[in-house]
Amino acid sequence: MARKLAAGNWKMNGTNASLAEITALAKAHPDPNCDVLICPPATLLSRLAEKTTGTAIKTGGQDCHAASSGAHTGDISAEMIADAGGSHIIVGHSERRADHGETDADIAAKTRAVWNAGLVAVICVGETLAEREAGQTIDIVAGQLAGSVPNGANGDNTVIAYEPVWAIGTGKVPTLDEIAAVHADIRDRLTTRFGDAGNDMPILYGGSVKPSNADDIFRVADVDGALVGGASLKAEDFGGIIAALERA
Ligand code: PGA
């Protein structure tokens, strides 16, 4: 059985003042029955990790370089994120794929770097609106999974996040049947390729998850949690999503 995870991705948002949200979140959810992760911008990672010490909240990075160190101005490595107190790293977010031209092979290399640093990779996949309208959703997601998830993935080192690109930050969400179809197909491919380990990898849904739609989404089979952008910035909103996952 996959563990449940509520993961927040702050993207390029948050300053020192935002840490107050984490204090409030930790206070409201001292002992959740699911994993809780916040991925702040790299500038806040170590301060957030200090703030969450002794709480149920884990911290993580939003991206990393595939190398462990070297002449890569502006980049950070998985080792650095581990050193700052991170436990997870998001790789292959659609904004990285689109804004930085990251390929499936890049994402597989980053995933191996995450594992080498002893951390958990949150590997993102998802189709664009044009791909969905062309009836290619399952094929696109299958191709991204095959190319981005390296051999050796298991429930301890890997989380999959299905995020339709057109649902991210738009307020648009697929129907529950559409989410169910993609998650069932992902689960099927993971178990075909990885055997029992494929059942242990959490599959998160991401894209406009809010407290008001989280209960319905979490009732869908093979949805083991959420990767949340906008609604993870406020303790009250993210707390509502955590509470829904606890009820699921
Ligand atoms: P959103 O972002 O919740 O703001 O739609 C989700 C994501 O990009 O992970």
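Read the numbers this way: they start at 1 and go in the same order the structure lists the ligands and their atoms. Just the heavy atoms: all of them, side chains too, but no hydrogens, waters or symmetry mates, feed the values below.
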Determine all donor-acceptor pairs shorter than 3.5 Å in which one atom belongs to a side chain in residues 161-172; sequence neighbours excluded.
{"unit_1": "Tyr162", "atom_1": "OH", "unit_2": "Glu127", "atom_2": "OE1", "d": "2.8"}
{"unit_1": "Tyr162", "atom_1": "OH", "unit_2": "Glu127", "atom_2": "OE2", "d": "3.1"}
{"unit_1": "Tyr162", "atom_1": "OH", "unit_2": "Arg132", "atom_2": "NH2", "d": "3.3"}
{"unit_1": "Glu163", "atom_1": "OE1", "unit_2": "His93", "atom_2": "NE2", "d": "3.3"}
{"unit_1": "Trp166", "atom_1": "NE1", "unit_2": "Glu127", "atom_2": "OE2", "d": "2.9"}
{"unit_1": "Thr170", "atom_1": "OG1", "unit_2": "Trp166", "atom_2": "O", "d": "2.8"}
{"unit_1": "Thr170", "atom_1": "OG1", "unit_2": "Ala167", "atom_2": "O", "d": "3.4"}
{"unit_1": "Thr170", "atom_1": "OG1", "unit_2": "Lys172", "atom_2": "N", "d": "3.1"}

Quiz: residues 24-41 side-chain donor-acceptor pairs under 3.5 angstrom, not counting sequence neighbours:
{"unit_1": "His29", "atom_1": "NE2", "unit_2": "Gly239", "atom_2": "O", "d": "3.4"}
{"unit_1": "Asn33", "atom_1": "ND2", "unit_2": "Glu246", "atom_2": "O", "d": "3.3"}
{"unit_1": "Asp35", "atom_1": "OD1", "unit_2": "Arg3", "atom_2": "NH2", "d": "2.6"}
{"unit_1": "Asp35", "atom_1": "OD2", "unit_2": "Arg3", "atom_2": "NE", "d": "2.8"}
{"unit_1": "Asp35", "atom_1": "OD2", "unit_2": "Arg3", "atom_2": "NH2", "d": "3.2"}

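Looking at heavy atoms from C-beta onward, Asp83 lies out of side-chain contact with Glu79 at the 4.5 angstrom threshold.
Among all heavy-atom pairs drawn from Asn151 and Phe194, the shortest one is CA-CE2, 4.2 Å.
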Please tabulate protein-ligand N/O pairs under 3.5 Å for ligand 1, atom names and distances to 0.1 Å.
{"unit_1": "ligand 1", "atom_1": "2 (O)", "unit_2": "Lys11", "atom_2": "NZ", "d": "3.3"}
{"unit_1": "ligand 1", "atom_1": "2 (O)", "unit_2": "Gly229", "atom_2": "N", "d": "3.4"}
{"unit_1": "ligand 1", "atom_1": "3 (O)", "unit_2": "Gly229", "atom_2": "N", "d": "2.8"}
{"unit_1": "ligand 1", "atom_1": "4 (O)", "unit_2": "Gly230", "atom_2": "N", "d": "2.8"}
{"unit_1": "ligand 1", "atom_1": "5 (O)", "unit_2": "Gly169", "atom_2": "N", "d": "2.6"}
{"unit_1": "ligand 1", "atom_1": "5 (O)", "unit_2": "Ser208", "atom_2": "N", "d": "2.8"}
{"unit_1": "ligand 1", "atom_1": "8 (O)", "unit_2": "Lys11", "atom_2": "NZ", "d": "2.7"}
{"unit_1": "ligand 1", "atom_1": "8 (O)", "unit_2": "His93", "atom_2": "NE2", "d": "2.7"}
{"unit_1": "ligand 1", "atom_1": "9 (O)", "unit_2": "His93", "atom_2": "NE2", "d": "3.4"}
{"unit_1": "ligand 1", "atom_1": "9 (O)", "unit_2": "Glu163", "atom_2": "OE1", "d": "3.4"}
{"unit_1": "ligand 1", "atom_1": "9 (O)", "unit_2": "Glu163", "atom_2": "OE2", "d": "2.6"}

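Applying the side chain to side chain donor-acceptor pair (under 3.5 Å) test to every pair with at least one member in residues 40-55, sequence neighbours left out, gives these pairs: Asn16-Arg47.
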CA sep, side-chain torsions, deciding dist, call: Leu145, Arg193, side chain to side chain contact (heavy atoms under 4.5 Å, CB included): CA-CA 11 Å; Leu145 275 181; Arg193 184 169 163 203; 6.0 Å; no
